[in-house]
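Numbers here simply count residues along the sequence, with the first being 1.
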Amino acid sequence: MKGIHSIFLACFLVSAFACFLASAFDPSPLQDFCVAIDHPKDGVFVNGKFCKDPKLAVADDFFYSGLNKPGNTYNRVGSNVTTVNVDQIPGLNTLGISLVRIDYAPYGENPPHTHPRGTEILVVVQGTLYVGFVTSNPENRLITKILYPGDVFVFPIGLIHFQYNLGNTAAVAFAGLSSQNAGVITIANAVFGSNPPINPDVLTKAFQLDKNVVTHLQSIF
C-alpha cells in the first residue's frame, strides 16, 4: 500500500511540476486553431484574444505577405525588426509560434534585449553577424558566435542577447520564436528610457557612472 501511495505522490508531484513549467509558456491548444478576433461577438476569449467561430475561418486568417521586403534600417542602431505574430496573423493564436525578419545596415545591430515569453532560433540569409547571449546571475557568462549565411543560432528564453553586423554591406536574418507573442525588452530603452524616468541616483549607483552621464543617457532614450 505504501508503494502505491508513493507512486501516486510521485505522479502528482511530476504533474504539478509540469503544470508549473507549462505556465511559463504559451499553453497547448485544445482545438485545431483559434483565430483571434478583436470583438467579443460570437467569440470565446483565449490567450488574450477572442476566437472566431472555426466555421468562419478563412485562408487569410493564416496568411501574411511582405517578408520579402527589406525593413528601414535608417535609425541610430542600424536595424529593423519586422514582426509576424498573432497581431499580423490571427490564426497564430494559441499555436505558440511567431516569426521575425531582421534587417541590418552595415555595422548595424539589434541591440541587447530579451524576450520574456519565448526562445528564439535565428538563421542568417545574408551577411556576417556577431551574435551572443549572457547567462543569468551569478555567472553572467557571454556565449558568442560569428554567423554566416545558412548558420543557425539559438537564444534561450529570457536571456539578454544581441546581433551585430560585422560587414560593410547589409545583412538579413529570420528568426522563429516559441510564442505567439514573445514580447521584447530592449535593455537600454527600458533602463534609460522608462516612462516616467528612473531616479538618476538609482542608475548612477547601479551602473557606477557619473550622474551627468546617466542624465545624458536618459535624455537620448
Side-chain angles (χ1 to χ4, degrees), residues 22 24-38 46-52 54 57-75 77-105 108-133 143 145-165 170-187 189-190:
F25 301 90
D26 293 354
S28 298
L30 299 178
Q31 64 286 321
D32 288 343
F33 51 81
C34 176
V35 176
I37 54 176
D38 294 324
V46 180
N47 278 27
K49 297 284 185 179
F50 290 99
C51 295
K52 177 188 286 189
V58 296
D60 281 349
D61 292 327
F62 306 90
F63 173 79
Y64 175 87
S65 179
L67 281 188
N68 60 315
K69 300 174 183 176
N72 182 5
T73 59
Y74 188 70
N75 52 58
V77 296
S79 70
N80 182 280
V81 179
T82 303
T83 302
V84 183
N85 61 22
V86 68
D87 293 326
Q88 287 73 42
I89 302 181
L92 283 176
N93 191 39
T94 75
L95 297 185
I97 193 170
S98 57
L99 178 70
V100 298
R101 169 182 172 140
I102 314 170
D103 290 276
Y104 311 83
E109 71 171 359
N110 189 10
H113 62 282
T114 179
H115 301 293
R117 296 184 293 276
T119 290
E120 175 179 347
I121 183 167
L122 176 141
V123 59
V124 178
V125 297
Q126 178 182 319
T128 303
L129 296 180
Y130 168 66
V131 306
F133 63 86
I143 296 176
K145 188 78 174 175
I146 295 177
L147 304 182
Y148 303 94
D151 290 347
V152 177
F153 198 80
V154 173
F155 304 104
I157 184 172
L159 297 186
I160 295 173
H161 60 282
F162 60 87
Q163 304 104 36
Y164 176 74
N165 181 7
V172 181
F174 289 87
L177 297 117
S178 62
S179 170
Q180 69 183 40
N181 186 355
V184 60
I185 301 171
T186 305
I187 307 307
N189 298 54

Under 3.5 Å, side-chain donor or acceptor atoms of residues 63-72 against the rest of the protein: list the pairs with distances, not counting sequence neighbours.
from	atom 1	to	atom 2	distance (Å)
N72	OD1	Y74	N	2.9

* Asked: Do F174 and V100 touch side chain to side chain, with heavy atoms closer than 4.5 Å?
  -> no

* Show your working on side-chain contact (heavy atoms from CB on, under 4.5 Å) between I146 and T128 and close with a plain yes or no. => CA-CA 7 Å; I146 295 177; T128 303; 3.6 Å; yes

* Asked: To the nearest 0.5 Å, what is the distance between CZ (F153) and NZ (K145)?
  -> 8.5 Å

* Sub-4.5 Å side-chain heavy-atom contact between F155 and T119 -> no

* **Side-chain heavy atoms of D61 within contact of K52, under 4.5 Å** => yes

* **Any side-chain heavy-atom pair of L122 and I102 under 4.5 Å** => yes

* Taking the side chain as C-beta and beyond, is there a heavy-atom pair between V77 and N110 under 4.5 Å? -> no

* Asked: So which heavy atom on A171 is nearest to which on L129, and how close?
  -> CB-CD2, 3.9 Å

* **Side-chain donor-acceptor contact under 3.5 Å, N165 with E109** => no

* Asked: With under 30° as parallel and over 60° as perpendicular, where do the rings of F33 and F62 fit, or are they tilted in between?
  -> perpendicular

* Structure fact -> Separation between CG (N181) and CZ (R117), nearest 0.5 Å, reads 5.0 Å

* Asked: Who pairs with Y130 by ring-ring contact (aromatic ring centres under 6.0 Å, His included), at least two apart in sequence or on another chain?
  -> F162

* Asked: Ring centres of H161 and F133 under 6.0 Å apart?
  -> no

* Is N93 reaching over with its side chain to a backbone N or O of P90, donor-acceptor style, under 3.5 angstrom? -> no

